[in-house]
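So you know, we letter chains A, B, ... as the sequences are listed, proteins then strands, and number each from 1.
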There are 2 protein chains.
Amino acid sequence: MKRRNTPAKEAVLELLVKSQKALSQDAIESQIEIAVNRATIYRVLNSFCEDGIAHKIVAEDGKQYFSICKKCKHPEEKLIYHYHFRCLSCGTIECLKTPVQYTVPSGYQVEHANCLLTGTCKDCNTNS
Amino acid sequence: MKRRNTPAKEAVLELLVKSQKALSQDAIESQIEIAVNRATIYRVLNSFCEDGIAHKIVAEDGKQYFSICKKCKHPEEKLIYHYHFRCLSCGTIECLKTPVQYTVPSGYQVEHANCLLTGTCKDCNTNS
DNA sequence: TTTACTAATGCAACATAATCGCGTTAATAT
DNA sequence: ATATTAACGCGATTATGTTGCATTAGTAAA
Ligand SMILES: [Mn+2]
Ligand SMILES: [Mn+2]
Ligand SMILES: [Zn+2]
Ligand SMILES: [Zn+2]
């Protein structure tokens, strides 16, 4: 029931906070200080998502990426979805501040949005 | 170089047109009239995407879905991205007419957009 | 119609991502 | 110190998608 603090959780969280971008399981496993099993990393990340500490992004490569939730929630507990950006050059996946806006046909109810833009980021455009 | 007409292509295309929604490889394989190998289905679908006959959507389940391109292109050859909707109840993935609109920070260049909304569709909401 | 060229196919192997069962370990509260 | 059970590592498993290669068959030219 109640969550326990573990070295694995601390290390994953620290990495997510430090890197300031969305990370995949294998990126975490290779960058993390301590040795953490693959299954454990997934379990930790999913628990973060359940607890609203992180959110999951699915990219066109079919992989899951996880990013720290900073200002994901509006003051009134209302979730604000934002665009994500994947750079084809450096591979970085980052959260944009751009809010996701849409209208759906009447009768439709939206519960979640996963919006990913792909292209080249600022850094990669200026350094070329 | 030049494409050839084959039974597999015709059958897959017919299915995509008829179903009026985005289909995954396994859905196609189980619904198609003739027997077509899995690898062939993927090759056919990818060739359709290359030729602008279909487009690919990656859903949160990490799977690829393919849908016929109807009005995907603007008169001036400019691609218009639209939202897609995945119903959690019936599983249907459909193309919405809602255009994808966004602004990115200066220096960023967008080449592609994959935007998926998840929730419950009209049919599933009224029938419950 | 026959022939030549090669796109397209089936099949098996491969690669990768993610999950799951299970026995063990260790965080937390009593 | 002890009990409880969340969390863990490990291996197996599932699923998705791609690739190499020998064979088949669509297309156009002879
Ligand atoms: Mn984000
Ligand atoms: Mn579409
Ligand atoms: Zn970049
Ligand atoms: Zn539905």
Side-chain angles (χ1 to χ4, degrees), chain A residues 1-16 22-67 84 86 91 93 112 114 116 118, chain B residues 1-16 22-67 84 86 91 93 112 114 116 118:
Chain A
M1 297 290 180
K2 191 152 167 295
R3 297 259 128 98
R4 295 177 182 178
N5 289 329
T6 66
K9 286 182 187 172
E10 285 178 22
V12 171
L13 184 60
E14 183 190 331
L15 195 56
L16 285 177
L23 299 176
S24 61
Q25 175 275 321
D26 60 296
I28 292 173
E29 187 170 324
S30 64
Q31 291 175 35
I32 206 167
E33 304 287 343
I34 61 177
V36 183
N37 182 267
R38 191 182 53 216
T40 300
I41 293 178
Y42 277 114
R43 285 188 276 232
V44 165
L45 290 170
N46 287 324
S47 78
F48 284 171
C49 288
E50 287 174 17
D51 297 349
I53 296 171
H55 58 277
K56 182 197 291 186
I57 304 134
V58 177
E60 303 102 313
D61 59 6
K63 287 174 66 179
Q64 303 178 350
Y65 293 81
F66 297 84
S67 178
H84 295 100
R86 175 192 184 82
I93 296 186
H112 184 76
N114 189 73
L116 185 72
T118 306
Chain B
M1 300 293 175
K2 189 151 168 294
R3 296 260 128 98
R4 294 176 182 177
N5 289 329
T6 67
K9 286 181 187 173
E10 287 178 21
V12 172
L13 184 60
E14 184 191 329
L15 195 56
L16 285 177
L23 298 176
S24 60
Q25 175 273 322
D26 61 297
I28 291 173
E29 187 171 323
S30 64
Q31 292 176 35
I32 205 167
E33 303 286 341
I34 61 177
V36 183
N37 181 268
R38 189 164 45 114
T40 300
I41 293 179
Y42 278 114
R43 285 188 277 233
V44 165
L45 290 170
N46 286 324
S47 78
F48 284 172
C49 289
E50 287 173 18
D51 297 348
I53 296 171
H55 59 278
K56 183 198 290 187
I57 305 134
V58 178
E60 303 104 311
D61 59 6
K63 286 173 66 178
Q64 302 177 349
Y65 293 81
F66 297 83
S67 178
H84 295 99
R86 175 190 185 81
I93 295 186
H112 184 77
N114 188 76
L116 185 73
T118 307

### Query
Please walk me through it: do A/Thr118 and A/Glu60 pass side-chain hydrogen bond (donor to acceptor under 3.5 Å, both in side chains)?
CA-CA 9 Å; A/Thr118 306; A/Glu60 303 102 313; 2.2 Å; yes
#### Entry: Exercise: identify the closest heavy-atom pair between A/Pro7 and A/Ile34
O-CD1, 3.7 Å
Polar atoms only, N or O, under 3.5 Å: list the protein pairs with nucleotides 11-13 of chain D and their distances.
residue	atom	partner	partner atom	Å
D/dA12	N6	A/Arg38	NH2	3.4

### Task
Rounded to the nearest angstrom, tell me the gap between atom NZ in A/Lys63 and atom C1' in C/dT19.
16 Å
### Message
Is A/Lys9 close enough to D/dA7 that one of its side-chain N or O atoms is under 4.0 Å from OP1 or OP2 there?
### Response
yes
### Centroid separation B/His84 to B/His55 less than 6.0 Å
yes
### Query
B/Gln64 has an atom CD; how far is it from atom C1' of D/dT18, in whole Å?
10 Å
## Note on the structure
Atom CZ of B/Arg3 and atom P of D/dT27 are separated, to the nearest Å, by 13 Å
### Message
I want to check something: taking the side chain as every heavy atom from C-beta on, are B/Lys9 and B/Thr6 in contact at a cut-off of under 4.5 Å?
### Response
yes
### Summary
So, with a heavy-atom separation below 4.0 Å from DNA chain D, the residues of residues 24-32 of chain B are none
### Task
Measure across A/Asn114 and A/Lys56 and return the closest heavy-atom pair with its distance rounded to 0.1 Å.
OD1-O, 4.0 Å
### Message
Restricting to non-hydrogen atoms, name the atom on A/Val12 and the atom on A/Phe48 that form the minimum distance, rounded to 0.1 Å.
### Response
CG1-CE1, 3.9 Å
### Task
Check whether any side-chain N or O of A/Asn5 sits under 3.5 Å from a backbone N or O of A/Glu10 as a donor-acceptor pair, and report yes or no.
no
### Query
In whole angstrom, what separates A/Arg4's CZ from C/dT25's C1'?
10 Å
### Task
Take B/Asp26 and B/Lys63 through the test salt bridge (charged side-chain N to carboxylate O under 4.0 Å, His left out) and record every step on the way to the result.
CA-CA 10 Å; B/Asp26 61 297; B/Lys63 286 173 66 178; 3.1 Å; yes
### Message
If you take any heavy atom closer than 4.0 Å to DNA chain C, which residues from residues 40-47 of chain B end up in contact?
### Response
B/Thr40, B/Arg43, B/Val44
### Message
On a heavy-atom basis, which atom in A/Val58 and which in B/Ala59 lie closest, and how many Å separate them?
### Response
CG1-O, 3.4 Å
### Message
Can you tell me if B/Lys2 touches the phosphate of D/dA28, counting only side-chain N or O atoms and a distance under 4.0 Å to OP1 or OP2?
### Response
yes
### B/Glu50 and B/Arg43 ion-paired at < 4.0 Å
no
## Note on the structure
Taken to the nearest whole Å, CD/B/Glu60 to C1'/C/dA17 is 17 Å
### Query
Counting distance only, does the side-chain N/O of B/Asp51 pair as donor-acceptor with the main-chain N or O of B/Ile53 below 3.5 Å?
no
### Task
Rounded to the nearest angstrom, tell me the gap between atom OH in B/Tyr65 and atom P in D/dA15.
13 Å
### Query
Could you state the CD1-C1' distance from A/Ile34 to D/dA7, rounded to the nearest angstrom?
13 Å
